[in-house]
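Just so you know, ligand 1 is whichever comes first in the structure, and atom 1 is the first atom listed for that ligand.
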Amino acid sequence: MTMIRVAVAGPRGRMGALAVETMITGREFLLVGVLDRKMAESSNMLAGSVPIYTDMLTLVDEAKPDVLVELTSHESVYPNTRDAIMNGIRPVVGTSGLTVDQIGKLSELSREHGIGCILAPNFSIGAVLLMKFAAMAVKYMPDAEIIELHHDGKKEYPSGTASLTARMMAEAAGSQEGGDAPDGRGTDVAGIPVHSVRLPGLVSHQEVLFGGEGQLLSLRHDSFSRQSYMSGMVLAVKEVMNRDCLIDGLDKIIG
Ligand SMILES: NC(=O)C1=CN([C@@H]2O[C@H](COP(=O)(O)OP(=O)(O)OC[C@H]3O[C@@H](n4cnc5c(N)ncnc54)[C@H](O)[C@@H]3O)[C@@H](O)[C@H]2O)C=CC1
Ligand SMILES: O=C(O)C1=N[C@H](C(=O)O)C[C@H](O)C1
């Protein structure tokens, strides 16, 4: 069996640490390096044998990964993803915060280089299904709002999941312009108001509410543990090897 050579960016974060564990234990994967902001104080190895790199070019030259799992921050996600594609490495991007403009540029770059790139703002199957159901429901119940709720360690808003959900809903409804959400009531994403809650005790939760005359439809997904993301991540790492362009969302992979 040929193993997929994987690198993880953001290996000491909440998600990155779990991704490292998953890639080390997965029989199909070889974790060849991690991309961190700085070296660890005690060693230049993670988990005893995985080299830590602080710049992409050295990682590319020495570790030669096939895939980069990107789990850093909204500031780093674009340059890391761009540089990976330009160096022939397939990104699987879990980090939220890419703008529509940046996604367009990455898509062009992927196509130009013939390199697969998967954007997966949420790796959990339940959240992906929620997005698909919301895109289906909005055609019949167009008055909709999103509430996304996360742990208080999450700085950025709205969440990547809510942004993709709103874009998928707008596309299904045939309106992508934005600007329809009333001022001051959440963030307008593609015309849909998104409300962001950050509280201790939460992990990751999203509700999409559809109002109609005398009725309310609520679609809700809850991640109670980050383990909920790992099977989708494994799927994306394998699938990106078969692609030659950018895929925006796991929904396009699960069919
Ligand atoms: N796609 C999905 O299913 C999920 C995505 N996320 C997203 O993943 C991202 C990370 O989330 P958390 O792990 O909770 O954050 P975190 O803050 O715990 O971890 C981020 C890590 O990235 C490191 N980092 C920042 N800039 C870097 C750079 N340029 N190079 C290398 N490392 C860098 C930080 O030092 C930190 O250790 C967020 O955008 C979050 O929204 C989180 C959970 C699930
Ligand atoms: O920061 C998180 O925790 C999460 N971030 C992603 C997002 O922005 O949607 C995915 C999930 O919601 C957890």
Side-chain angles (χ1 to χ4, degrees), residues 7-22 33-41 46 51-59 68-84 91-99 102 118-131 146-168 187 189 194 196-208 220-237 240 247-251 253:
V8 172
R12 282 182 293 167
R14 285 172 287 252
M15 271 298 276
L18 201 53
V20 163
E21 207 181 296
T22 301
V34 294
L35 184 64
D36 209 343
R37 262 204 298 223
K38 56 180 177 64
M39 285 295 174
E41 268 153 37
L46 189 80
I52 302 172
Y53 297 93
T54 52
D55 78 285
M56 179 77 77
L57 287 185
T58 318
L59 169 80
L68 177 75
V69 179
E70 221 295 338
L71 295 163
T72 61
S73 69
H74 61 284
E75 290 104 348
S76 308
V77 58
Y78 179 71
N80 277 351
T81 308
R82 179 198 59 203
D83 294 353
V92 166
V93 180
T95 313
S96 55
L98 284 172
T99 64
Q102 288 173 334
I118 295 181
L119 308 184
N122 201 312
F123 287 115
S124 68
I125 182 74
V128 175
L129 288 175
L130 168 51
M131 292 179 207
I146 298 175
I147 306 172
E148 54 95 344
L149 310 94
H150 282 85
H151 57 93
D152 57 348
K154 184 171 179 68
K155 295 185 197 84
E156 77 283 0
Y157 68 92
S159 69
T161 309
S163 298
L164 181 57
T165 307
R167 286 193 285 115
M168 285 170 62
T187 309
V189 184
V194 180
S196 299
V197 177
R198 299 288 177 265
L199 284 174
L202 296 175
V203 179
S204 163
H205 318 263
Q206 175 164 286
E207 205 162 278
V208 186
R220 183 174 171 111
H221 174 259
D222 298 278
S223 271
F224 300 114
S225 130
R226 290 184 179 83
Q227 204 60 48
S228 63
Y229 307 123
M230 293 303 118
S231 57
M233 181 184 295
V234 164
L235 173 73
V237 171
V240 78
I247 311 291
D248 187 12
L250 276 193
D251 56 291
I253 288 175

> What's the verdict on side chain to side chain contact (heavy atoms under 4.5 Å, CB included) for Arg167 and Asp248, showing C-alpha distance, side-chain angles and the deciding distance?
Replying inline: CA-CA 11 Å; Arg167 286 193 285 115; Asp248 187 12; 3.0 Å; yes

>> The criterion is side-chain hydrogen bond (donor to acceptor under 3.5 Å, both in side chains); which residues satisfy it with Asn80, sequence neighbours excluded?
In response: Glu70

> Is Thr95 reaching over with its side chain to a backbone N or O of Thr72, donor-acceptor style, under 3.5 angstrom?
Replying inline: yes

Regarding ligand 2, does [X] bring an N or O atom to under 3.5 Å of one of the ligand's N or O atoms?
X	result
Ser96	yes
Thr161	yes
Glu156	no

>> Applying side chain to side chain contact (heavy atoms under 4.5 Å, CB included) to Leu250 and Ile118, what does each step give before you reach the verdict?
In response: CA-CA 8 Å; Leu250 276 193; Ile118 295 181; 4.2 Å; yes

Strictly under 4.0 Å, does any heavy atom of [X] approach an atom of ligand 1?
X	answer
Pro121	yes
Lys154	yes
His74	no

> What do you reckon, does Phe123 put a non-hydrogen atom under 4.0 Å from ligand 2?
Replying inline: no

Can you tell which part of [X] has a heavy atom less than 4.0 Å from ligand 1: side chain, backbone, both or neither?
X	answer
Glu75	neither
Ala9	neither
Ala120	backbone

Protein residue, atom and distance nearest to [atom], heavy-atom basis:
atom	result
atom 23 (C) of ligand 1	Gly10 CA, 3.9 Å
atom 5 (N) of ligand 2	Lys154 NZ, 3.1 Å
atom 12 (O) of ligand 2	His150 NE2, 2.6 Å

> Asn122 heavy atoms, cut-off 4.0 Å: which ligand 2 atoms fall inside?
Replying inline: 10 (C), 11 (C), 12 (O)

>> Taking 4.0 angstrom as the limit and counting only heavy atoms of Ser159, give me the atoms of ligand 2 inside it, by number and element.
In response: 7 (C), 8 (O), 9 (O)

Output the list of atoms in ligand 1 that are nearer than 4.0 Å to some heavy atom of [X], sorted by atom number.
X	value
Glu156	39 (O), 41 (O)
Asn122	1 (N), 2 (C), 3 (O)
Leu35	31 (C), 32 (N)

Please classify the [X] to ligand 2 contact at 4.0 Å (heavy-atom distances, strictly less than): side chain, backbone, both or neither.
X	answer
Tyr229	side chain
His151	side chain
Ser204	side chain

Ignoring angles and geometry beyond distance, decide whether [X] reaches within less than 3.5 Å of ligand 1 through its nitrogen or oxygen atoms.
X	answer
Ser96	yes
Tyr229	no
Phe123	yes
Ser76	yes

> Which residue from Pro158, Gly153, Ser228, Pro121 reaches closest to atom 10 (C) of ligand 2 through any of its heavy atoms?
Replying inline: Pro121

> Taking the minimum heavy-atom distance to atom 7 (C) of ligand 2, which of Ser223, Ala162, Ser196, Gly160 ranks first?
Replying inline: Gly160

How many angstroms lie between atom [atom1] of [X] and atom [atom2] of [Y], to the nearest 0.5 angstrom?
X	Y	atom1	atom2	result
Thr22	Phe123	OG1	CZ	10.5 Å
Ile253	Leu235	CD1	CG	6.0 Å
Thr54	Leu35	OG1	CG	7.5 Å

> Please, which pairs that meet salt bridge (Lys or Arg N to Asp or Glu O under 4.0 Å) have at least one residue in residues 198-207, sequence neighbours excluded?
Replying inline: Glu148-Arg198, Glu207-Arg220

> After noting the C-alpha distance and the side-chain angles of Met131 and Asn122, does the key distance pass the side chain to side chain contact (heavy atoms under 4.5 Å, CB included) rule?
Replying inline: CA-CA 10 Å; Met131 292 179 207; Asn122 201 312; 4.1 Å; yes

> Would Met56 and Leu68 satisfy side chain to side chain contact (heavy atoms under 4.5 Å, CB included), going step by step from the backbone distance to the final call?
Replying inline: CA-CA 10 Å; Met56 179 77 77; Leu68 177 75; 4.0 Å; yes

